[in-house]
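Heads up, the thing below is written out as C-alpha cells.
A note on names: the letters A, B, ... follow the listed sequences, proteins ahead of strands, and every chain is numbered from 1.
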Amino acid sequence: MEEINELIEQRIKKLKELRKMGIEPFDGHFDALDHAVNLLNKYAPVSRENLESDPVSCSLAGRIISMRDFGKAAFAHIQDVTGKIQIYFKKNILGDKFPLLKKLDIGDIIGLKGRLFRTKTNELTVEVDDFVFLAKSLRPLPEKWHGLRDIETRYRQRYVDLIVNPEVRETFIKKSIIIKATRDFLESKGFIEVETPMMHPVPGGATARPFKTHHNALGIDLYLRIAPELYLKRLLVGGYERVYELNRNFRNEGISTKHNPEFTMLEFYIAYRDYRFLMSFTEELITYVSEKLLGTLKIPYGDAVIDLTPPWPRIKMFDALIDRGIPEDILYDAGRALTWARANDIEIKEGTSPGKILDQIFKEKVEPQIIQPTFIIDYPVELSPLAKRKPDNPELTERFELFIASREIANAFSELNDPIEQTQRFLEQVEAKEKGDEEAHYMDEDFVRALEYGMPPAAGEGIGMDRLVMLLTDYQSIRDVILFPQLKPEQ
RNA sequence: GGGCCGUUAGCUCAGCUGGUAGAGCAGCUGACUCUUAAUCAGCGGGUCGCAGGUUCGAAUCCUGCACGGCUCACCA
C-alpha cells in the first residue's frame, strides 16, 4: 500500500478493535435470501399497517453507502447488485450488537437480517435485528453527492466507478444484454459459434497494423489477430455453412474515443448468400437487438434521434460522393481525384492509390453527414482485397459498410472464393506493402490452399460490438463501454 | 505524434494583478431513537502532479517532463 493516510489508519484501527472483540470482519459467511430492489418492488403495494400486522422477515448482503447516525439509532442505505434500500439500526432491537455500529464505516460490506417497515415518509426500510461484517472497507469512498467525476480515476479504478455510479453498472449490464441478444439471434438463424486462433503466424483479414508477440518454445513470432476472417472462411471450406465468432481483435493503432487497442468484434459468415442478403439480415439483427434492449427502434443518440426502422437506404459509394457535390469526373481519374482532394484541404500522402484517395474524400465529406442508418455499397476493388467483384463492373466489389451516427458499424461483402484471383489480390497487397503501406495485407498461403479445395459462395460481415453498444447506450466515447480501457500505466 | 485544456485534502471544487493554503462532503470527539445532502457543537487532515528557473517571496509567472481529457491524423 503506497500511502497510509489518516482515514485509512482510522479504519485499520477499527478493524483491529473488531478482531480484539473476537469478530473477524473478512471471514463472515452469509447467505442472503433477498435483494434490495426486489424487496422494494415486491412490497411496494403493501401498506405500513399490513407490514405491522403481518411482519415480513428478510435478509440482505451488500455495501453500506450512506449513514445517518442518531446515537441510539441510525439510518443507512445498503447497496447490492440490484440497487439500494434503506436500513434502520435501533439500540433496543440490536441490544449487544448495537455498539458494533461504531465500527461500521461507509463502504463496509455486511450481511443483515431484519423486518420490513415503512418510515413516516413511507419509505420501505429494513429494521435490522442482526448483522455481520463480511468485508471491512479500508479506503474511503468518494463523496455521496458529487460522486466520482475524475475521468482518469473512473477508468483506472473502475471498481470504484461501479460502486458509486449506478448508470455505469447499468451500462455494462446493457452491454451484456446486447451481446447475448446478438448470440441468440445468430443461434436462432442456425449459426454456430466457433473459436479460432487469436495468435496468428500471418496476420490477416483486415487492413491494420498488428501487435507482435513471441512464443518461446516454438521459437517463432506470432501476431495478435487483427481479424478472424481468414480462419472463419477456412471453416466454410470445411463444410460449416453458418459460423460466427464474437470476441476480441487487437490492432496496433492510436487510441481515441472510437478506438481501443483491443475491441470486441462480431464476424459471421453464411454460405450460399451474397451481400444483398446480408443487408436485410443486418437490419434484422440490429433491430432485434435494439428491441431487446430498448423496446424501440427510435433511439436517442447525443442530440439526434436515430430511427432504426428498416429498410435502410442503400447508396453506392460513388453516388454518395456525387450527392455530396464531389465532381463526377474525379471518380475515374486518380490524378484529378488527388488534385481535387488537395484543393479541398484533404490530406493525401504521396503514393496513395486512387481507391484510397476516394476513400479519404468519402471519410472527410460524406461519413460525418450520415446520421441515420445507411448502407454504402460497391467499394473499389483495391480497398477490398477479400471481396468478390461485381459481375457488371469488375472495378467495384459486392461490399457494403453500414454507417450510423457518422460511424462505421458494420463492414460486409460477398466473399471472394476464386483462389487464383485471391492469390493475385494478395500479390497486389504484398506489392503495396513493399512500397511502404504498413497496413497492406500479407500473403496467406494456407488460406489460398484452403480456397483451392473449394469454398462455397458466401457472404461475411463484421460488426464492431463496442461501437454498437455506444450507439445503443448513448455514449460518445468507447472507453465508456469498455470496463478497463487501455491507459498508460500510472506514474 | 501535433494543437488546446486540465492536475490543489479521501471525494467535489474555490484560490483574482505573486505576499502565512480554503469550503462542502467524508473522517474524529460529543449530543440526539423516523433520518434520507439529517441537525447542532468542537477537532484533525495538504510534497498545491514532478523537476528546474525567475523573485526578498511561487499553488499563482517561465521552461521541461509525467498522466489525463478533447481534437487532428489512421483504423472498426
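Closest contact between the side chain of R149(A) and the listed nucleotides C67(B), U33(B), C13(B) involves C13(B). Listed nucleotides U33(B), G10(B), C70(B) differ in distance to N5(A); the shortest reach to its side chain belongs to G10(B). Listed candidates were G45(B), U33(B), C67(B). Nearest to the side chain of K72(A) is U33(B). The side chain of A73(A) approaches U33(B) more closely than any other nucleotide in the set C34(B), U71(B), U33(B). For Q86(A), taking side-chain heavy atoms from C-beta onward, the closest of the listed nucleotides U35(B), G45(B), A73(B) is U35(B). Set against G10(B), C70(B), C11(B), the side chain of L148(A) has C11(B) as its closest nucleotide. In this structure, the nucleotide among G68(B), U33(B), C34(B) sitting nearest to the side chain of K90(A) is U33(B). Closest to the side chain of Y155(A), out of C34(B), G69(B), A26(B), is G69(B). Picking from C70(B), U33(B), G44(B) the nucleotide with the shortest atom distance to the side chain of E6(A) gives G44(B). Of the candidate nucleotides G68(B), U33(B), A73(B), U33(B) has the atom nearest to the side chain of F70(A).
A gap of 16 Å separates the C1' atoms of G44(B) and C25(B), to the nearest Å. A51(B) and U20(B) have their C1' atoms separated by 25 Å, given to the nearest Å. Rounded to a whole angstrom, the distance from the C1' atom of U17(B) to that of G1(B) is 37 Å. Comparing C70(B) with A9(B), their C1' atoms are spaced 28 Å from each other, to the whole Å. Separating the P atom of A37(B) from that of C32(B) is a span of 24 Å, rounded to the nearest Å. A distance of about 15 Å separates the P atoms of A41(B) and A26(B), rounded to the whole Å. The gap from the C1' atom of C67(B) to that of A58(B) amounts to 23 Å, rounded to the nearest Å. A gap of 34 Å separates the C1' atoms of C56(B) and C5(B), to the nearest Å.
Under the Watson-Crick and G-U wobble criteria, each requiring two contacts below 3.5 Å, nucleotide G10(B) is paired to C25(B). A59(B) is unpaired under the Watson-Crick or G-U wobble criterion, no partner having all donor-acceptor distances under 3.5 Å. For C70(B), the paired nucleotide is G3(B), the pair qualifying as Watson-Crick or G-U wobble because both relevant distances are below 3.5 Å. Pair check for G30(B) finds C40(B); Watson-Crick or G-U wobble, both atom distances under 3.5 Å. In this structure C65(B) sits in a base pair with G49(B), meeting the Watson-Crick or G-U test at under 3.5 Å.
Ion pairing between R169(A) and E167(A) fails under the 4.0 Å rule for side-chain N and carboxylate O. A salt bridge is defined here as a Lys NZ or Arg NE, NH1 or NH2 lying under 4.0 Å from an Asp or Glu carboxylate O, and E229(A) with K233(A) meets this definition. Classification of R156(A) and E152(A) as a salt-bridged pair holds, one side-chain N sitting under 4.0 Å from a carboxylate O. Salt bridge absent: K14(A) and D108(A) never bring a charged side-chain N and a carboxylate O closer than 4.0 Å.
Rounded to an integer number of Å, the gap from D161(A) CG to G68(B) C1' is 15 Å. In this structure, E52(A) places its CD atom 15 Å from P of C34(B), rounding to the nearest Å. The CE-P distance, from M67(A) to C32(B), rounds to 18 Å in whole Å.
Residue-level contact check: D437(A) touches neither bases nor backbone, having no heavy atom under 4.0 Å from any strand. Within 4.0 Å (heavy atoms only), S66(A) reaches no atom of the nucleic acid at all. Residue G71(A) is classed as a base contact, given a heavy-atom separation below 4.0 Å to a base. Using a 4.0 Å heavy-atom distance criterion, L7(A) is classed as a base contact. Residue contacts for L487(A): at a heavy-atom cut-off of 4.0 Å it reaches the sugar-phosphate backbone alone, with no base atom in range. Backbone-only contact: T257(A) has heavy atoms under 4.0 Å from sugar-phosphate atoms and none from a base. Counting any heavy atom pair closer than 4.0 Å across all strands shown, F117(A) reaches a base atom. Within 4.0 Å of R479(A), counting heavy atoms only, lie sugar-phosphate atoms of the nucleic acid but no base atom. Across all strands shown, G462(A) has no heavy atoms under 4.0 Å from either base or sugar-phosphate atoms. Contact annotation for D466(A): no contact, since no heavy-atom pair falls under 4.0 Å across all strands.
Proximity of K120(A) to the phosphate of U35(B): a side-chain N or O atom is located under 4.0 Å from OP1 or OP2. Residue K258(A) places no side-chain N or O under 4.0 Å from the OP1 or OP2 atom of C74(B). Residue S256(A) has no polar side-chain atom (N or O) positioned under 4.0 Å from OP1 or OP2 of U71(B). For R68(A), no side-chain nitrogen or oxygen approaches OP1 or OP2 of C34(B) to under 4.0 Å.
Side-chain atoms of E253(A) come within 3.5 Å of backbone atoms of R209(A) as a donor-acceptor pair (strictly under, hydrogens ignored). Counting only distance, with no hydrogens or angles, the side chain of D437(A) and the backbone of E439(A) share a donor-acceptor pair below 3.5 Å.
Y442(A) carries K433(A) over the face of its six-membered ring, with the cationic atom under 6.0 Å from the centre and within 45° of the normal.
Checked by atom type, the side-chain pair R68(A)/Q86(A) shows a donor-acceptor distance below 3.5 Å.
Remark: the E152(A) side chain and the U7(B) base include no donor-acceptor N/O pair separated by less than 3.5 Å. For G10(B), the base has no donor-acceptor partner in the side chain of E143(A) [N/O atoms by modelled type, under 3.5 angstrom].
If you run side chain to side chain contact (heavy atoms under 4.5 Å, CB included) between L383(A) and each of T207(A), T397(A), D359(A), L358(A), only D359(A) comes through. With D466(A) as the partner, the salt bridge (charged side-chain N to carboxylate O under 4.0 Å, His left out) test is satisfied by one option alone out of R479(A), K175(A), K258(A), R248(A): K175(A).
F375(A) and F400(A) have perpendicular rings, their planes meeting at more than 60° on a 0 to 90° scale where under 30° would count as parallel.
Within residues 359-379 of chain A, the residues approaching RNA chain B are Q360(A), K363(A), E364(A), by heavy-atom distance under 4.0 Å.
Mapping N92(A) and A208(A) onto RNA chain B via the closest heavy atom, the residue that lands nearer the 5' end is N92(A). Along RNA chain B, the nucleotide nearest E123(A) and the nucleotide nearest K102(A) are compared for position; the residue whose nucleotide lies closer to the 5' end is K102(A).
Contact of the R251(A) side chain with the P261(A) side chain is not registered, since no non-hydrogen atoms from C-beta on lie closer than 4.5 Å.
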